[in-house]
Amino acid sequence: MSQIPPDKSAKATKTGKTQARLLALQVLQQVLADGASLTDVLQRLQSKTDGVNLAMVQAWCFGVLRDYWRLDLVLEKLLTKPLRERDDDVYLLLLLGLHQLRAARAAEHVIVNETVAVTESLKKPWAKGLVNAVLRNYLRQHESLHAELLSNPLYQSAWPAWLVERVQQDWPTQAQTVFDVWRIQAPMTLRVNTRLLSVADYQMQLAQANISAQQHPHVASALVLAQPIDVEQLPGFQQGFVSVQDAAAQHAAVLLNPQAGDRVLDACAAPGGKTLHLLDQQAELAELWALDIDAQRLQRVQTNLARYGEHAAKIHLRAADVNQISSWWDGQLFDRILLDVPCSGTGVIRRHPDIAHLRRASDIQDLQLRQQTLLRALWPLLKVGGSLLYVTCSILKAENENQIADFLQQESSASLIPFELSNGLARPQGWQLLPSQGDAGEMDGFYYALLCKKN
């Protein structure tokens with residue numbers, strides 16, 4: 001793919017929109033061509049934007065990645081012949097222009113003119129007429145194009161074929177709803193530290209700060225903001241009153257149900273949301289071990305813990321490979337283990353649309369092996385009578401209920417602990433939460449299975 005140059009022209013300095021579009025193209029190029037994480041790329045941009053509206057760049061990138069497969073089909077209809085590989089930068093520019101026209105947050109002629117202007121910065125003046133013609137043709141034909149493409153199954157599902165097939169196979173009646181929810185921007189959801197104050201009290205504090213929030217219909221500790229804001233604007237954030245955490249993830253600490261005096265392991269802890277929630281649930285733990293193989297990500301756990309100040313629990317942070325038991329374990333068994341395993345992330349695509357672009361069908365088998373290895377490695381570290389909560393942010397049965405079914409068949413000392421989730425799907429093993437929004441409650445896709453160790 002052609003490298004998209006920074007725009008240093010005098011004209012570019014007069015319009016932040018041109019610079020913003022170029023920056024968005026660079027981000028999309030790194031994700032789609034180089035396989036980089038969208039989150040990582042955007043984080044690296046924080047100090048390099050030179051006054052460009054990063055929120056606008058981010059919104060454009062998320063929009064293109066969420067709607068990529070539909071935009072691609074539309075563009076295929078609009079182009080008289082495919083662009084050359086070396087002109088993929090122009091192709092990305094067309095996708096971005098189409099996305100903005102479909103989102104319709106500015107005057108159509110302004111979007112067209114501003115998109116056309118970027119061709120100068122790409123040093124491809126020949127593309128000016130092409131971009132102008134394609135976008136204006138879309139405006140004339142968008143209704144008929146949409147009607148024509150509706151009969152195309154790829155347009156209806158609008159996600160990678162292998163992923164569509166897996167989801168339809170696992171959840172035939174819910175699949176289209178999942179596909180639709182993936183295309184909707186996820187809300188900012190908060191978890192109130194109910195050890196310090198009630199949800200109603202914190203909601204009142206938000207209202208006093210002119211921040212609108214609604215209590216989640218299925219998760220008692222969750223508040224859903226009407227609009228995302230910077231965390232520093234949240235009342236009491238630095239005092240540990242509240243954390244940002246999706247409602248589905250807030251089930252973990254409640255289901256594990258740590259008791260005073262327990263020794264608890266959070267095996268794959270970063271970025272630390274569930275670690276903090278364990279402390280919310282039970283401040284009188286004997287010990288809390290938080291492990292992660294990525295030392296840099298573990299630093300985020302440390303940063304989050306710093307907001308909570310002193311705790312009765314003795315907290316151990318370890319940057320370690322959980323499978324290398326001898327490198328970190330002190331030989332004492334745990335009462336509770338939280339095992340939030342590496343997974344496909346298919347339950348959080350609405351938050352991380354790059355997952356749908358970066359993940360491959362062949363990845364699932366490798367992930368299954370890692371999950372099995374972690375589960376088998378940690379099971380011997382659990383006390384008899386203790387419990388282990390297996391968690392994924394996946395909606396694929398191969399990573400979830402099938403994994404637990406296989407483990408129960410092979411491990412005679414393991415049994416399921418029954419529980420219920422008001423907004424989940426009861427499975428033969430555990431509970432599945434599918435991505436949802438609106439009246440069903442704003443929530444990512446998660447899977448939970450609670451295991452007890454018998455004699």
Side-chain angles (χ1 to χ4, degrees), residues 171 174 177-178 180-207 211-229 231 234-237 240-257 266 269-281 304 338 340 343 345-353 355 389-395 400 419-427 430-450:
W171 310 106
Q174 299 95 345
T177 298
V178 169
D180 293 341
V181 172
W182 278 346
R183 280 192 294 275
I184 299 171
Q185 180 180 349
M188 185 173 179
T189 303
L190 309 179
R191 175 178 47 75
V192 179
N193 185 346
T194 54
R195 187 169 53 85
L196 299 180
L197 75 171
S198 71
V199 173
D201 286 343
Y202 190 74
Q203 190 173 14
M204 187 177 299
Q205 289 191 26
L206 289 175
I211 301 171
S212 177
Q214 296 295 324
Q215 188 159 359
H216 196 279
H218 300 289
V219 181
S221 56
L223 288 171
V224 181
L225 297 187
Q227 296 292 334
I229 61 172
V231 293
L234 295 171
F237 178 76
F241 288 4
V242 67
S243 297
V244 178
Q245 188 178 42
D246 183 76
Q250 295 185 36
H251 287 303
V254 176
L255 291 173
L256 194 59
N257 191 25
D266 186 353
K274 299 180 185 68
T275 310
L276 294 183
H277 198 186
L278 288 167
L279 292 169
D280 290 355
Q281 286 293 113
N304 280 322
L338 174 59
D340 188 354
C343 70
T346 46
V348 294
I349 286 177
R350 66 175 188 165
R351 293 189 186 278
H352 304 283
I355 288 173
L389 184 66
Y390 178 89
V391 184
T392 78
C393 56
S394 169
I395 62 171
N400 297 339
F419 62 89
E420 292 187 7
L421 297 176
S422 62
N423 59 329
L425 299 173
R427 308 304 304 156
W431 282 72
Q432 180 71 60
L433 301 169
L434 296 177
S436 60
Q437 53 93 33
D439 294 339
E442 296 286 356
M443 188 167 289
D444 291 338
F446 265 70
Y447 172 80
Y448 289 103
L450 187 58

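Values reported hereafter were calculated over all heavy atoms of this structure, with side chains retained and with hydrogens, waters and symmetry mates removed.
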Between Gln203 (side chain) and Ala213 (backbone), is there a donor-acceptor pair under 3.5 Å? yes
Within the structure provided, determine whether Leu234 and Leu206 are in side-chain contact (heavy-atom separation under 4.5 Å). yes
Check whether any side-chain heavy atom of Val242 lies under 4.5 Å from a side-chain heavy atom of Arg191, and answer yes or no. no
Apply the side chain to side chain donor-acceptor pair (under 3.5 Å) test between Ser221 and each candidate in His277, Gln250, Gln215, Gln281; give the one that qualifies. Gln250
Check whether any side-chain heavy atom of Val348 sits under 4.5 Å from a side-chain heavy atom of Ile355, and report yes or no. yes
Do you know the tightest heavy-atom contact between Pro235 and Ile211? CD-CD1, 4.3 Å
Straight-line distance of Leu255 CG to Leu450 CG, nearest 0.5 Å: 6.5 Å
For a quick test of reading the model, state the closest non-hydrogen atom pair linking Thr346 to Ser394 and the distance between them. OG1-OG, 3.2 Å
Does any non-hydrogen side-chain atom of Leu421 lie less than 4.5 Å from one of Asn423? yes
Any side-chain heavy atom of Trp182 within less than 4.5 Å of one from Pro435? yes
In this structure, which one of Met188, Glu442, Gln214 forms a side chain to side chain contact (heavy atoms under 4.5 Å, CB included) with Leu225? Met188
Where do Ile395 and Gly347 come nearest, in terms of heavy atoms and distance? CG2-CA, 3.9 Å
Can you find a pair of side-chain heavy atoms, one from Trp431 and one from His251, that are under 4.5 Å apart? no
Distance check, rounded to the nearest 0.5 Å: Gln437 atom CD versus Ile184 atom CD1? 4.0 Å
To the nearest 0.5 Å, atom OG1 of Thr194 lies from atom CG of Asp201 at 11.5 Å
Search all heavy atoms of Ala247 against all heavy atoms of Ala222 and return the closest pair with its distance. CB-CB, 4.2 Å
Heavy-atom closest pair (Arg195 atom, Leu279 atom, distance to 0.1 Å) is NE-O, 3.3 Å
Less than 4.0 angstrom from a charged side-chain N to a carboxylate O is my criterion; do Lys274 and Asp280 meet it? no
Would you indicate whether the side-chain heavy atoms of Phe241 and Tyr202 approach each other to under 4.5 Å? yes
Do Cys343 and Asn400 come within less than 4.5 Å of each other through their side chains, counting heavy atoms only? no
Specify the closest pair of heavy atoms between Pro271 and Asn304, including all atoms of both residues, with the distance to one decimal. O-ND2, 2.9 Å
Between the CG atom in Asn193 and the OG atom in Ser243, the distance rounded to the nearest 0.5 Å is 7.5 Å
Please lay out, stage by stage, how Leu433 and Tyr448 fare under the test side chain to side chain contact (heavy atoms under 4.5 Å, CB included). CA-CA 8 Å; Leu433 301 169; Tyr448 289 103; 4.1 Å; yes
Do the side chain of Gln245 and the main chain of Val192 share a donor and acceptor less than 3.5 angstrom apart? no
Given salt bridge (charged side-chain N to carboxylate O under 4.0 Å, His left out), test Arg350 with Asp246 step by step and report yes or no. CA-CA 12 Å; Arg350 66 175 188 165; Asp246 183 76; 3.4 Å; yes
Nearest 0.5 Å, please: how far is CG in Asp340 from OG1 in Thr275? 9.5 Å
Stepwise, does the side chain to side chain contact (heavy atoms under 4.5 Å, CB included) test hold for Met443 with Leu434? CA-CA 8 Å; Met443 188 167 289; Leu434 296 177; over 6 Å; no
Quick one: pull up CH2 in Trp171 and OG1 in Thr177 and give me the separation to the nearest 0.5 Å. 13.0 Å
Do side-chain atoms of Asp444 reach the backbone of Ala248 as a donor and acceptor pair under 3.5 angstrom? no
